[in-house]
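One structure is given below, encoded as structure tokens.
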Amino acid sequence: MIKKLFFTVAFLLGYWANAQQNKQPNIILIYADDLGKGILSHYGQKIISTPHIDQLAQEGITFENAYSGMVCAPSRASLISGLRDSDPTNFEITKAGIYKKISDGKYTNQQIQHKINTALTPPDKNAVFLGEVAQKQGYVTGQFGKLEWGFATSHEQMVRHGWDEYYGYLDHVRAHGFYPPFLFRNGEVEYIEGNTHADCGKTKEKETPEKYKERWNMNGKTVYSQHLFMNNVLNFISKNKANPFFLYFPTQLPHGPVSVPAVHPDFANNKQLTTIEKEYASMVKMLDDNVGQIMAHLKNLGIDENTLVIFTSDNGHEIYYSKEGRVSKPYKNVKTGERFDDLKAKFYSELGGDVFDGNGGRAGLKRSNLQGGIQTPLIARWPKKIAKGKQSNLLVANYDFVATIADVTGYNGKVKTDGLSFYKELIGKGNTKEHDYVVYASFIGPTIITNDGWKLRTHLPKNAFELFYLPDDYREEKDLSQQYPEKVKALKKEMKKACAGDLENGVFTFGKNSVDVEKSSKK
């Protein structure tokens with residue numbers, strides 16, 4: 001009897017161990033907002049310490065050659081669709097601001113949803129989106145924060161893209177404030193007591209005594225949005241701990257204008273920083289602390305080992321802490337007063353007065369096709385599969401995520417994508433397929449980066465093409481276009497293909513690439 005019981009217990013333990021071994025991994029994708037590589041202490045940031053994000057890098061893999069779009073909406077659309085932003089037929093992007101009209105009584109939520117849904121072309125029925133690949137594999141999917149692509153989205157879009165539940169902003173202009181009077185939970189308006197500002201408490205960027213008073217006037221600003229998101233994130237993890245889940249967390253932080261409930265003790269007495277710089281640093285610090293909370297929660301629930309945590313950003317660094325005589329917006333050389341033009345006069349932190357060097361010594365910032373605008377951190381940790389402290393130089397695009405999540409979850413259906421899975425690189429087996437190049441649009445034209453380090457960037461308004469060899473020149477200081485005309489010709493040809501035959505398609509505008517919901521929707 002005892003022997004029989006022993007074998008029964010052993011069998012059950014073996015079965016349980018085998019089931020745990022074969023269990024699909026949980027996936028958490030943390031998508032920072034306007035966070036350049038240089039703002040992380042892992043990449044040399046001297047003023048702001050980011051130990052929790054750094055620990056992800058120490059315990060996992062860093063992709064040193066990862067790229068995203070140059071600005072929020074098209075970058076997020078590429079992430080979720082798996083398609084390049086350089087072809088305007090790939091996706092539509094809505095204009096922003098329509099959800100503010102709930103506060104002034106002009107429209108109801110239902111009217112706005114109808115306007116968005118009738119203005120947008122329905123997606124291809126065969127298209128497969130980021131949340132959907134996990135959902136089709138039995139994952140519970142959730143998204144919390146600054147939701148989806150475009151500058152305004154709808155419940156119908158969210159459901160079509162594969163999210164079982166969501167909570168946050170459906171309008172990215174409203175997400176420029178951190179004290180929303182309402183957010184959206186699964187299509188329904190959820191009001192937040194104590195928050196009364198229709199613009200969500202949005203403040204101005206430039207530091208003056210008047211703007212300081214405005215930022216710290218807390219009338220009608222009771223509940224900070226990031227706190228709400230974190231509560232929902234942790235609750236989602238808790239209630240789905242026994243299921244495979246895919247959690248997408250597009251946080252607002254550290255996008256500005258600067259707004260934070262309190263200055264972090266790390267910076268309170270830092271005489272190197274202005275008041276608004278201390279506040280910005282505190283936003284970055286809060287994001288890092290939130291990453292730490294998520295990791296601690298996974299460990300407390302006993303699901304840490306088989307959870308893939310990915311940390312990245314939608315675009316490069318942006319400055320929200322300008323002050324007269326220190327940093328000017330529009331950006332100017334603080335010594336000469338010359339305005340940066342992204343061509344002959346490029347933004348570098350030491351010239352523009354950025355005390356944090358958020359682009360990590362690169363040229364340019366958000367909105368630029370220079371490295372500072374499009375090269376982003378990409379860190380992944382998964383103790384069960386990823387060895388500690390790995391680095392990869394694989395060329396990775398944000399439009400690779402749909403294919404990668406499909407591989408992680410075991411989805412084997414057809415996926416229309418411009419991307420390639422980097423799953424094998426994640427787990428140390430090495431990608432058999434690699435990009436020859438990645439291409440991105442920008443406000444001034446497209447850029448192409450090859451897997452051996454060549455970069456051709458355009459400045460179409462000035463009919464300019466610059467060629468760089470990034471392994472020797474990550475700061476983009478030595479234009480080699482005159483020295484290698486055949487390389488320019490070859491890269492221009494490939495870039496044109498990725499722009500559907502016309503380089504002008506690689507110019508992001510609010511005409512060609514976006515939809516004015518109020519003008520386009522059917523009454």
Side-chain angles (χ1 to χ4, degrees), residues 27 29 31 63 65-70 73-93 120-137 139 141 143 148-150 153 157-158 160-163 246 248 250 308 310 312 314-315 374 376 378 380 392 394-427 429-441 446-451 494-501 505-506 508 513:
I27 306 165
L29 172 56
Y31 207 55
F63 289 85
N65 205 13
Y67 289 87
S68 286
M70 54 88 210
S75 185
R76 291 160 193 263
S78 285
L79 177 85
I80 290 168
S81 71
L83 301 174
R84 294 190 188 98
D85 65 5
S86 57
D87 182 342
T89 66
N90 277 343
F91 43 73
E92 295 171 325
I93 292 173
L120 292 173
T121 304
D124 185 329
K125 65 179 182 180
N126 296 317
V128 180
F129 299 97
L130 183 69
E132 192 179 8
V133 295
Q135 192 181 57
K136 285 179 179 291
Q137 288 304 106
Y139 278 66
T141 60
Q143 182 180 169
E148 284 295 293
W149 79 51
T153 191
Q157 262 190 311
M158 298 290 292
R160 176 63 184 86
H161 294 163
W163 307 110
F246 176 31
Y248 173 38
L308 168 61
I310 303 172
T312 187
D314 61 347
N315 47 249
I374 60 175
T376 54
L378 175 55
S392 170
L394 182 73
L395 181 61
V396 177
N398 64 336
Y399 48 83
D400 290 337
F401 274 80
V402 171
T404 302
I405 298 302
D407 272 357
V408 172
T409 60
Y411 179 78
N412 57 12
K414 289 185 177 179
V415 177
K416 179 189 175 185
T417 178
D418 293 320
L420 293 172
S421 171
F422 55 89
Y423 172 68
K424 287 186 177 179
E425 188 76 4
L426 270 180
I427 62 174
K429 293 187 176 180
N431 265 37
T432 52
K433 292 183 179 179
E434 297 185 17
H435 285 293
D436 293 326
Y437 57 80
V438 298
V439 175
Y440 286 97
T447 191
I448 183 169
I449 301 104
T450 70
N451 64 7
E494 296 302 321
M495 187 160 57
K496 191 174 180 180
K497 281 185 196 174
C499 293
N505 286 332
F508 180 82
N513 307 70

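What you are looking at is a predicted structure, and each value in this text was computed from that prediction instead of being measured.
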Margin query: Tell me if the centroids of the rings in Phe508 and Tyr440 come within less than 6.0 Å of each other.
Written below: no
Notebook entry, point to check: Is any side-chain heavy atom of Glu434 less than 4.5 Å from a side-chain heavy atom of Leu394?
Noted result: yes
Margin query: Between Tyr248 and Leu79, is the side chain to side chain contact (heavy atoms under 4.5 Å, CB included) condition met? List the steps.
Written below: CA-CA 11 Å; Tyr248 173 38; Leu79 177 85; 3.3 Å; yes
Check: Distance from Lys136 atom NZ to Asn412 atom CG, nearest 0.5 Å?
Finding: 11.5 Å
Checklist line | Steps toward side chain to side chain contact (heavy atoms under 4.5 Å, CB included) verdict (Trp149, Gln157) | finding: CA-CA 10 Å; Trp149 79 51; Gln157 262 190 311; 3.6 Å; yes
Check: CD1/Ile405 to CG/Asp400 distance, rounded to the nearest 0.5 angstrom?
Finding: 11.0 Å
Note to self: side chain to side chain contact (heavy atoms under 4.5 Å, CB included) for His161 and Leu130? Distances and angles first, verdict last.
What the structure shows: CA-CA 7 Å; His161 294 163; Leu130 183 69; over 6 Å; no
Notebook entry, point to check: Can you tell me if Asp418 uses its side chain to pair, donor with acceptor, with the backbone of Arg84 under 3.5 Å?
Noted result: yes
Note to self: As an exercise, state the distance from OG1 of Thr141 to CD1 of Ile27, rounded to the nearest 0.5 Å.
What the structure shows: 11.0 Å
Item checked: Among Asp314, Thr376, Ile374, Asp85, the one residue meeting side-chain contact (heavy atoms from CB on, under 4.5 Å) with Ser75 -> Asp314
Checklist line | Distance-minimising heavy-atom pair for Leu308 and Ala380 | finding: CD1-CB, 4.2 Å
Note to self: I want to check something: taking the side chain as every heavy atom from C-beta on, are Glu425 and Asn431 in contact at a cut-off of under 4.5 Å?
What the structure shows: yes
Margin query: For a 4.5 angstrom cut-off between non-hydrogen side-chain atoms, does Tyr411 reach Glu132?
Written below: no
Note to self: Classify the ring geometry of Trp163 against Phe246: parallel below 30°, tilted from 30° to 60°, perpendicular beyond 60°.
What the structure shows: tilted
Note to self: So which atom in Gln143 and which in Pro250 form the shortest heavy-atom distance, rounded to 0.1 Å?
What the structure shows: OE1-CG, 3.7 Å
Next item on the list: Would you name the heavy atoms of Val415 and Val402 that are closest together and state the gap between them?
Entry: CG1-CG1, 3.6 Å
Next item on the list: Could you check if a side-chain atom of Ser392 sits within less than 4.5 angstrom of a side-chain atom of Phe422, using non-hydrogen atoms only?
Entry: no
Notebook entry, point to check: Which pair of non-hydrogen atoms, one from Asn315 and one from Gly69, has the smallest distance, and what is that distance?
Noted result: CB-O, 3.1 Å
Notebook entry, point to check: Looking only at atom types and distance, does a side-chain atom of Thr450 sit under 3.5 Å from a main-chain N or O of Asp436, one as donor and one as acceptor?
Noted result: no
Next item on the list: State which residue, out of Leu378, Val133, Thr417, fulfils the side-chain contact (heavy atoms from CB on, under 4.5 Å) condition with Phe401.
Entry: Leu378
Next item on the list: Under the side chain to side chain contact (heavy atoms under 4.5 Å, CB included) rule, what do Val396 and Val438 come out as? Steps first, then yes or no, please.
Entry: CA-CA 8 Å; Val396 177; Val438 298; over 6 Å; no
Notebook entry, point to check: Above 12 or not: heavy atoms from other molecules or residues under 6.0 Å from CG of Asp124?
Noted result: yes
Check: Is it true that a side-chain atom of Asn451 and a backbone atom of His435 form a donor plus acceptor pair closer than 3.5 Å?
Finding: yes
Next item on the list: Of all the heavy-atom pairs spanning Leu426 and Thr404, show the shortest one and how long it is.
Entry: CD1-CG2, 4.3 Å
Note to self: I'd like to know if the side chain of Glu148 and the backbone of Met158 have a donor-acceptor N/O pair within less than 3.5 Å.
What the structure shows: no
Notebook entry, point to check: So which heavy atom on Lys125 is nearest to which on Arg160, and how close?
Noted result: O-NH2, 3.6 Å
